[in-house]
Structure formats: C-alpha cells, structure tokens
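All heavy atoms count here, side chains included; hydrogens, waters and symmetry mates do not.
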Amino acid sequence: LELAVLAADDTAATYHLGLTYQATPDVMTFASYSTGYKGQTYDLTTGFNQNRAAAGPVKPERSRDRELGIRTQFFDRHLTLNATLFDTDYTNLQAQTIETLADGTSNFRLTNVGKFNTRGLEIETAARLGRDIALRGAITYLDAKYTSFPSAQCYPMQTAAQGCSGSPARRDLTGVRAPQAPVWKGNWSVDYTPPLTDTLDGFAQVAGEYQSSLYYVAADPQTFQPGFAIFDLRLGVGSHDRRWDVTAFVNNLFDQQY
C-alpha cells in the first residue's frame, strides 16, 4: 500500500474597488475593479500517488475583473433599463492538461493550464404598461476564450489534421471559445394581471428564454448544441390580497428538444 504525503498551506487577499456617480435622481453610473482567488489544490483523481504528490499542489487561480455600468429608471419608475460591461482575466487557470512529472512520465491531470478571458455586455429592462401589464427582459453577449492553453486533451477520434498531435496526443486551445459558453443568452416575460371581481385577480404569463449554439466540450463537433428557444405559459386566478392562488402551467410549450 503506497501512501502519498500531502503538505501545503496558503494565504491570500482579494479586494474590490468601486466608484459610483448619481448623475440624476434616475440615472446612476458605476465602475469597479475586483480581484478573485481560487485556492491551490491537489488532483486526487484515479492514479494519484507519491510521484504526483511530489509535484506539489496546483497553484492558485487568480482573476482580475473590470466593470462599467449604468442603472436607470424613468417615467416614475415605470421603465427600468440597466447595462453592464465586464472584462475578466484569469491567470493560472485550473483545468485538465498534460504534465510531465519528476520521473519523466506524462499524463493528463488537473493543473495550471494558462490563461482565460471572459468579456461581454449584459442588458436588463423592465416596463410596466398601466396597472395590468408588465414586461421584463434580459440579454447577455459573451466572449469567453482561452488566451493560453497549449496542451489540452484531444477530443475522442480527433485526428492530426484536426489539430491533435504529439506523444501523448494533445491539442492547442489557445484562442478557442470555452465550452458551455453561448455567445448570446436571454430571457423575457409578459405578465397580465387584470382584476376579475372586487376580491379576485386573474393572471397570465408568457415567458421564454434563448441561447445561441455552444460546445459542451471545447471545439468537439460531437458535442455541438445548436441554438434554441423555450417558451412557458402560466394561467391562473388568485385572491386580491395574494393569500392564495390557483395556477395552470405548461413549461417548454412547444416541446423543444435540446
């Protein structure tokens, strides 16, 4: 029985700096700069042994985030419109990659693979049209890419012509979009809540969400998910004081498969 000896300690500090400016009673702008930290760790997956332990822990992952935004309300708070620009850099990104250990063996394990950047724009809005109708919506544009990841695992059946080479085989994901990160993602809803009697209110809601295409494994055509939209429907009645309600609903109204 081989027992691996682990010993590691760490101390870290993070901070957040923010500045806000109330331009008018209805318009506020802000800017911020933040740091993030994900602690050091050991890869304790199958195959962990003293040789892996001797290689030391995976270094901490750190991030630097910058944000600019605006928060607004107009027409006696009947219209809200918010927008946020964000840009985050990650260094010593923790992920699976090839690493050569002290005894000369190479294998795939959790370690520091390089750098990563995520940036984009978020927009949120809400509007109340009279007493009975409310609209809500949000949309995000996301650009999430590896800025340095030279030795990633190849996807199953990837060929040399598709970028898988070396021994052990590897691929370069530098500049490639991150998995599970759609370029566009959004949601919306329309709520209608008319009074039916002096004590009863009705309500109806149509809601939906959309996301553009993505890969569940980076650049693996076998895991490609085309963009899709889902719609939900709710109908009901409730007491005017909101103490009870009865609701009928259908989620994924058009039976969208994904």
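The minimum heavy-atom distance between Pro60 and Asp10, with the atom names listed, is CG-OD2, 3.4 Å. When every heavy atom of Ala219 is checked against every heavy atom of Tyr155, the shortest pair comes out as O-CE2, 3.4 Å. The nearest pair of heavy atoms linking Tyr215 to Asp220 is CD2-O, 3.1 Å. Contact record, Gln158 with Gly163: NE2-C, 3.9 Å, taken as the closest heavy-atom pair. Taking all atoms of both residues into account, the shortest heavy-atom contact from Thr97 to Ala152 is OG1-N, 4.1 Å. Listed here is the closest heavy atom pair of Asp26 and Gln22: N-NE2, 4.5 Å.
Between Phe86 and Leu68 the shortest side-chain heavy-atom distance does not fall below 4.5 Å. Leu214 places a side-chain heavy atom less than 4.5 Å from the side chain of Gln225. Using a 4.5 Å heavy-atom threshold, the side chains of Ser165 and Arg170 count as separate. Contact of the Phe30 side chain with the Glu67 side chain is registered, since non-hydrogen atoms from C-beta on lie closer than 4.5 Å. Residues Leu196 and Val237 have side chains in contact (heavy-atom distance under 4.5 Å, counting atoms from C-beta outward). Taking the side chain as every heavy atom from C-beta outward, Phe249 and Leu235 never approach each other to under 4.5 Å. Taking 4.5 Å as the limit, every side-chain heavy atom of Thr193 sits out of range of all side-chain heavy atoms of Asp201. Taking the side chain as every heavy atom from C-beta outward, Leu135 and Thr125 never approach each other to under 4.5 Å.
Sparse packing is recorded around CZ of Arg119, with 12 or fewer heavy atoms of other residues, nucleotides or ligands lying under 6.0 Å away. For His240, the NE2 atom sits in a loose shell: 12 or fewer heavy atoms of surrounding residues, nucleotides or ligands are nearer than 6.0 Å. The environment of CZ in Phe224 is crowded: more than 12 heavy-atom neighbours from other residues, nucleotides or ligands sit within 6.0 Å.
Phe228 and Tyr258 have parallel rings, their planes meeting at less than 30° on a 0 to 90° scale where 60° marks the start of perpendicular.
Among Thr174, Asn92, Thr147, the one residue that satisfies the side-chain contact (heavy atoms from CB on, under 4.5 Å) test with Lys115 is Thr147. Checked options Thr80, Asp191, Asn187; the residue passing with Arg136 is Asp191 (criterion: side chain to side chain donor-acceptor pair (under 3.5 Å)). Among Leu93, Thr91, Asp89, Thr35, the one residue that satisfies the side-chain contact (heavy atoms from CB on, under 4.5 Å) test with Arg62 is Thr91.
Between Cys164 atom SG and Asp172 atom CG the span is 12.0 Å, to the nearest 0.5 Å. Taken to the nearest 0.5 Å, the CD1 atom of Ile230 stands 5.0 Å off from the CD atom of Glu209. Here Ser34 contributes atom OG and Leu17 contributes atom CG; the two are 7.5 Å apart, rounded to the nearest 0.5 Å. Here the straight-line distance linking atom OG1 of Thr88 with atom CG of Asn117 works out to 7.5 Å at 0.5 Å rounding. Taking CG from Asp232 and OG from Ser189, the interatomic distance works out to 10.5 Å, rounded to the nearest 0.5 Å. Summarising the geometry, atom OG1 belonging to Thr118 is positioned 8.0 Å from atom CZ belonging to Arg177; distances are rounded to the nearest 0.5 Å.
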For this session: I would like to know whether Gln180 and Tyr216 meet side chain to side chain contact (heavy atoms under 4.5 Å, CB included); could you show each step before the answer?
Result: CA-CA 5 Å; Gln180 303 185 51; Tyr216 285 101; 3.7 Å; yes
For this session: Test side chain to side chain contact (heavy atoms under 4.5 Å, CB included) on Thr159 and Met157 and set out the steps.
Result: CA-CA 6 Å; Thr159 66; Met157 297 183 290; over 6 Å; no
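Hydrophobic clustering of Ile, Leu, Val, Met, Phe, Trp and Tyr side chains at less than 4.5 Å, counting indirect connections, unites Val176 with Val113. Transitive grouping of hydrophobic side chains (ILVMFWY, heavy atoms separated by less than 4.5 Å) keeps Phe203 and Ile133 in distinct clusters. Cluster annotation: Trp188 and Leu253 are assigned to the same hydrophobic cluster (Ile/Leu/Val/Met/Phe/Trp/Tyr, side-chain heavy-atom contacts under 4.5 Å, transitive). In this structure, Tyr33 is not a member of the same hydrophobic cluster as Met28, with clusters built from ILVMFWY side-chain heavy atoms closer than 4.5 Å. Cluster annotation: Val217 and Leu142 are assigned to distinct hydrophobic clusters (Ile/Leu/Val/Met/Phe/Trp/Tyr, side-chain heavy-atom contacts under 4.5 Å, transitive).
In summary, the aromatic rings of Phe231 and Phe254 are positioned with their centroids under 6.0 Å apart. Two rings, from Trp184 and Tyr210, have their centers 6.0 Å or more apart.
Side-chain contact of Arg71 with Thr84: a donor-acceptor pair under 3.5 Å is present, judged by distance alone. Checked by atom type, the side-chain pair Ser63/Asp65 shows no donor-acceptor distance below 3.5 Å.
Ser212 places a side-chain N or O within 3.5 Å of a backbone atom of Val183 that can act as its donor or acceptor partner. Between the side chain of Asn112 and the backbone N or O of Glu61, no donor-acceptor pair lies under 3.5 Å. Side chain of Gln73 to backbone of His78: no donor-acceptor contact under 3.5 angstrom is found. Side chain of Gln94 to backbone of Lys59: a donor-acceptor contact under 3.5 angstrom is found.
Taking the charged nitrogens against the carboxylate oxygens, Arg66 and Asp87 do have a contact shorter than 4.0 Å, which makes a salt bridge.
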